[in-house]
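First the structure, in the form of structure tokens, and then the observations on it.
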Amino acid sequence: MLDAKQAMMKNHSFWQYKYGDYPANAPLPEGAYEVDVLVIGAGFTGLTCAREIRKDDKAKRVMVLDANEIGFGASGRNGGFNMTLFGIEPEVTMLRWGKEKTREAQDYMQKAVEYVRNLVESENLDSDYEHTGMLRIAYSDKQARRLKKTYNLLCETTKPGSFEYLDGAETQKLLNCPHIKGAIYEPGTGILDPSKHVRQLKILAEREGAEIYENTKVTGITKKDGCTVVLTDNATITAKKLVIATNAWTHNLKSTPKVSNIQAPIWTYQVVTEPLTEEQWKGVNWAGRMSIEDNRQLVHYMRITKCGRITMGGGAIGIEYNDSKMDLWKDEKVWADLERHLKWMFPSLQDIKIDYKWGGCVSCNTDMTPEIGFIGDNNIIYSSGCIGHGVSLTQLNGRLIADLVLEKDTSLSKFWIVNRTALPMPPGNLLRYVGAKFIEGVLKAVDFYEEGHLKAKTSGETA
Ligand SMILES: Cc1cc2nc3c(=O)[nH]c(=O)nc-3n(C[C@H](O)[C@H](O)[C@H](O)COP(=O)(O)OP(=O)(O)OC[C@H]3O[C@@H](n4cnc5c(N)ncnc54)[C@H](O)[C@@H]3O)c2cc1C
């Protein structure tokens, strides 16, 4: 088994490191193959989709390929929040798509959270799932005023009782963080260990008869005689239907221009502390174990792990100029900022040590809205734009894509993100980079405006 240093060198997440030795399936052997459905990418989307197709139709030959070990992508390295946030923010969905579609999106996300929870319970999955609820916290009066508006919008667009607004004093009874001015509490959400969960999804997909090959990179996609022909280094797969579930890597697939312009990767980073002592847990008073996000634009997310540590991520993002490199796994500055923020939030944890650090990439599209679309005819289906909120979304999307593959007309297949109007990414690295940097600058400016007076935080002091 790798030690922590070796695992970090290999860009494994804490969850992957902690999982220990993982026996990956063999790569796809050299040869020519014919399948009914080929799925590229073995994260939550690809594995769920493969399993659901085989569950419904055992006659279909379903193959899944991943360039790495399953879960090497976002699915094995995320915060593990089984949450209802759709896209970037409800305000953005409302502005771009209107109230009715925001309502439908909220409904879809609540179903997605339940889909994951039911799966864990009905299949008795070893995913360390806890249905803890979630807090979204504000550190300043300005952030709290904006949070109240978000709360009102969420109440207008979701079932009654889904959210509760708490003032600073009420929130501080749930969490000993002296800076909190208010929070939204959402009981219907949970947390899981993403690496354990994705490996459980692999077992379920294989149990249904999907064939999964790891460390098998797709190097090209072409069309021949109405079928799709997919190439790896040493094999050719002819597929009646193709599902592109490569998330933040999709732009790098050698295929049509549409595939390269669907989305771009954005990087996010996480740290995890050493296990807390009983005394330290008393100090933070986080007895409800709920997951937490703050109400910043460049949001921090944090939670407790099953093994008694705190993990925190976000606060800044990584944008790569040459997005074909996909190599922003490490950022010492962001990791240091996360440690500082954690100690700022919890003054009783001044001496806590960070044991592990990692990064990962999420799929971001131009209008910050999840999308499921087709390339050419209806035989190539892709999913994009999880925007960092995909633990529940991508698993229900997997079920939805199974309906599309099987040409079933269902309530899921009618969800408006399917075949929606999509705005292509700006062409070329320079335009994309400048655009992303501009948006990042605006987000930072709003955070500075809303919390500029929190001197200790912004100056990096830990007082
Ligand atoms: C650090 C981090 C924290 C996050 N926290 C949360 C959270 O708490 N809650 C939440 O809801 N969401 C979170 N997310 C987002 C969430 O993890 C993702 O939305 C979700 O896991 C995406 O799943 P996926 O299956 O679509 O893609 P991925 O899991 O990224 O899978 C894509 C797969 O495609 C494979 N691939 C790529 N190119 C090729 C190729 N050419 N050939 C073959 N295979 C290829 C990759 O190896 C990868 O395994 C977070 C993401 C990150 C990175």
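Just so you know, ligand 1 is whichever comes first in the structure, and atom 1 is the first atom listed for that ligand.
The salt bridge (Lys or Arg N to Asp or Glu O under 4.0 Å) test applied to E121 returns R117, not counting sequence neighbours. Qualifying salt bridge (Lys or Arg N to Asp or Glu O under 4.0 Å) partners for K196, counting only residues two or more places apart in sequence or in other chains: D126, D128.
For ligand 1, the 4.0 Å heavy-atom shell takes in I40, G41, G43, F44, T45, L65, D66, A67, N68, G73, A74, S75, R77, N78, G79, G80, F81, M83, T216, K217, V218, A245, T246, N247, W249, L253, T268, Q270, Y301, G360, C361, V362, C386, G388, H389, G390, V391, T394, ordered by chain and residue number.
Listed by first and then second residue, the side chain to side chain donor-acceptor pair (under 3.5 Å) pairs that reach into residues 71-85 are Q16-R77, N82-Y129, T84-E186, sequence neighbours excluded.
Salt bridge annotation for E69-K10: absent, with no cationic side-chain nitrogen under 4.0 angstrom from a carboxylate oxygen.
Using a 3.5 Å distance cut-off with no hydrogens or angles, the side chains of S127 and Q200 do not pair a donor with an acceptor.
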- Message: Could you go through E440 and K437, starting from their C-alpha distance and side-chain angles, then the distance that decides it, and tell me whether this counts as salt bridge (Lys or Arg N to Asp or Glu O under 4.0 Å)?
- Response: CA-CA 5 Å; E440 184 195 27; K437 279 287 181 194; 3.2 Å; yes
